[in-house]
Q: 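Okay, here's the structure, questions in a sec.
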Amino acid sequence: MDFFRSLAIAFSMYSAIPMPQFQWDQKSYENSFSFFPLVGAGLSGVLFLVYRGLYWLGPDSLAAALILTAVVVIYTGGFHIDGYMDTMDALCSHRSREEKIQIMKDPHIGAFGVIQLMVLTLFMVSGIYQAIRLNSFSSVLYAFVISRSLSGVAVCTFKRRDSNTSLIRFETKGSRQVTLIWMFVYIFLALMLMLFSHDQTAILAALVSVVWLFISKAICEKEFGGISGDTSGYFLCICEAAFIWSADIGILFRLHV
């Protein structure tokens with residue numbers, strides 16, 4: 001029962017999929033984060049089904065890329081995009097650390113956040129479009145598991161901005177360590193699947209995602225004093241786009257060598 005309660009909490013928090021309602025307790029709340037990458041796996045499954053349906057219906061690649069990008073937003077309910085926009089608003093303001101943190105806390109949408117969302121959307125659509133054209137959409141599907149697994153690693157190990165962030169709090173003894181182990185298990189399983197399917201471009205993209213993990217860590221500690229719920233969304237959104245484009249570039253490089 002605890003397993004299904006934690007799983008339902010994870011999908012309730014990090015997706016727009018309707019889930020049975022449970023009385024949340026601290027243990028189930030903490031354990032739910034171990035299922036965060038499974039939310040990404042669910043998204044990958046939905047995208048694969050939509051992709052196959054579109055392939056059967058036969059729309060052009062651009063229309064398919066736009067629809068698939070929309071599915072990502074619909075599935076997550078824009079949960080991570082909100083953090084991305086708040087963080088980009090703060091970073092693009094070029095103000096002091098204290099002022100940036102206040103900008104992130106402001107519930108209003110800033111112009112920089114809207115502009116940077118447009119940029120992110122263009123990268124996502126064009127990356128998925130390129131993957132469809134290169135017949136490598138299967139490589140894209142790993143992005144949503146790897147990004148959430150690495151985000152979980154960051155939440156468990158990186159310095160937090162303060163104790164009042166919206167990040168999940170681990171209070172039960174050992175829960176942080178257990179969650180961290182699960183994140184590495186998901187990464188290991190994804191890498192094994194990449195190796196089994198001989199998907200070298202996905203492995204390259206995963207390595208690029210790890211590099212982005214540590215770059216984002218340095219940015220968040222310098223600009224905000226640590227990570228927060230908003231910066232986690234910022235990391236995840238860029239990680240997905242970086243993964244997709246890294247896979248595309250890897251395939252293009254192989255085709256031209």
Side-chain angles (χ1 to χ4, degrees), residues 3 6-7 9-11 13-15 30-48 72 75-76 79-80 83-84 124 127-128 131 136-160 167-168 170 174-221 226-229 231-251:
F3 172 88
S6 298
L7 181 64
I9 291 173
F11 275 85
M13 291 176 62
Y14 305 115
S15 79
E30 292 175 5
N31 291 341
S32 69
F33 199 64
S34 296
F35 298 103
F36 185 33
L38 287 185
V39 178
L43 174 56
S44 297
V46 171
L47 286 170
F48 176 77
V72 175
Y75 179 95
T76 62
F79 182 81
H80 309 293
Y84 168 83
M124 288 292 290
I128 293 174
S136 62
F137 185 72
S138 59
S139 298
V140 168
L141 300 178
Y142 292 106
F144 307 101
V145 176
I146 293 295
S147 62
R148 284 160 177 78
S149 299
L150 292 177
S151 180
V153 171
V155 170
C156 291
T157 60
F158 289 177
K159 178 184 177 182
R160 301 187 178 208
L167 291 174
I168 190 168
F170 297 99
S175 59
R176 185 189 301 268
Q177 289 77 10
V178 171
T179 299
L180 183 61
I181 290 171
W182 273 111
M183 296 302 122
F184 285 118
V185 167
Y186 291 121
I187 294 170
F188 174 78
L189 291 175
L191 290 175
M192 288 300 100
L193 188 56
M194 294 174 195
L195 289 170
F196 180 77
S197 59
H198 304 288
D199 196 339
Q200 293 90 347
T201 56
I203 295 173
L204 168 67
L207 293 175
V208 171
S209 299
V210 173
V211 172
W212 165 238
L213 174 68
F214 288 100
I215 291 174
S216 67
K217 175 181 184 290
I219 292 172
C220 292
E221 290 185 356
I227 65 171
S228 65
T231 65
S232 293
Y234 158 78
F235 162 78
L236 190 142
C237 288
I238 295 179
C239 186
E240 290 173 350
F243 187 105
I244 292 168
W245 264 107
S246 297
D248 290 343
I249 291 171
I251 293 173

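Here, residue 1 is the first one in the sequence, and each next residue gets the next number.
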Q: Return each pair, listed once, that meets side chain to side chain donor-acceptor pair (under 3.5 Å) where at least one residue sits in residues 32-42; pairs must be two or more places apart or across chains.
A: S34-T179
Q: The criterion is side-chain contact (heavy atoms from CB on, under 4.5 Å); which residues satisfy it with L180, sequence neighbours excluded?
A: V153, C156, T157, F184
Q: Would you mind reporting whether V155 and S232 have side-chain heavy atoms less than 4.5 Å apart?
A: yes
Q: Are W212 and L150 packed together at the side-chain level, in the sense that at least one heavy-atom pair is separated by less than 4.5 angstrom?
A: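 No, too far: nothing below the 4.5 Å cut-off.
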Q: What pairs of residues pass the salt bridge (Lys or Arg N to Asp or Glu O under 4.0 Å) test when at least one of them lies in residues 184-210, not counting sequence neighbours?
A: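 Matches after skipping sequence neighbours: none remain.
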Q: Quick one: side-chain contact (heavy atoms from CB on, under 4.5 Å) partners of S246, sequence neighbours excluded?
A: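 Here the qualifying residues are A205, V208.
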Q: Please list all pairs passing the salt bridge (Lys or Arg N to Asp or Glu O under 4.0 Å) test where one or both residues lie in residues 209-220, with sequence neighbours left out.
A: K217-E221
Q: With sequence neighbours left out, write down each residue that passes side-chain contact (heavy atoms from CB on, under 4.5 Å) with L193, or none if nothing qualifies.
A: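 Partners of L193 by the side-chain contact (heavy atoms from CB on, under 4.5 Å) criterion, ordered by chain and then number, come out as Y142.
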Q: Only counting residues at least two apart or in another chain, list the ones meeting ring-ring contact (aromatic ring centres under 6.0 Å, His included) with F137.
A: Y51
Q: I'd like to check the ring-ring contact (aromatic ring centres under 6.0 Å, His included) partners of F79; sequence neighbours left out, ordered by chain and number.
A: Y14
Q: If the condition is side-chain contact (heavy atoms from CB on, under 4.5 Å), which residues does V178 pass it with, not counting sequence neighbours?
A: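 side-chain contact (heavy atoms from CB on, under 4.5 Å) list for V178, sorted by chain: W182.
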Q: Can you find a pair of side-chain heavy atoms, one from V210 and one from I146, that are under 4.5 Å apart?
A: no
Q: Without swapping roles, check the side chain of Y84 against the backbone of L236 for a donor-acceptor pair under 3.5 Å.
A: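 Judged by distance alone, no pair lies under 3.5 Å.
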Q: Mind checking side-chain hydrogen bond (donor to acceptor under 3.5 Å, both in side chains) for Q200 and listing every partner two or more places apart, or none if nothing turns up?
A: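 Expected list: none.
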Q: Who are the ring-ring contact (aromatic ring centres under 6.0 Å, His included) partners of F144, not counting sequence neighbours?
A: none
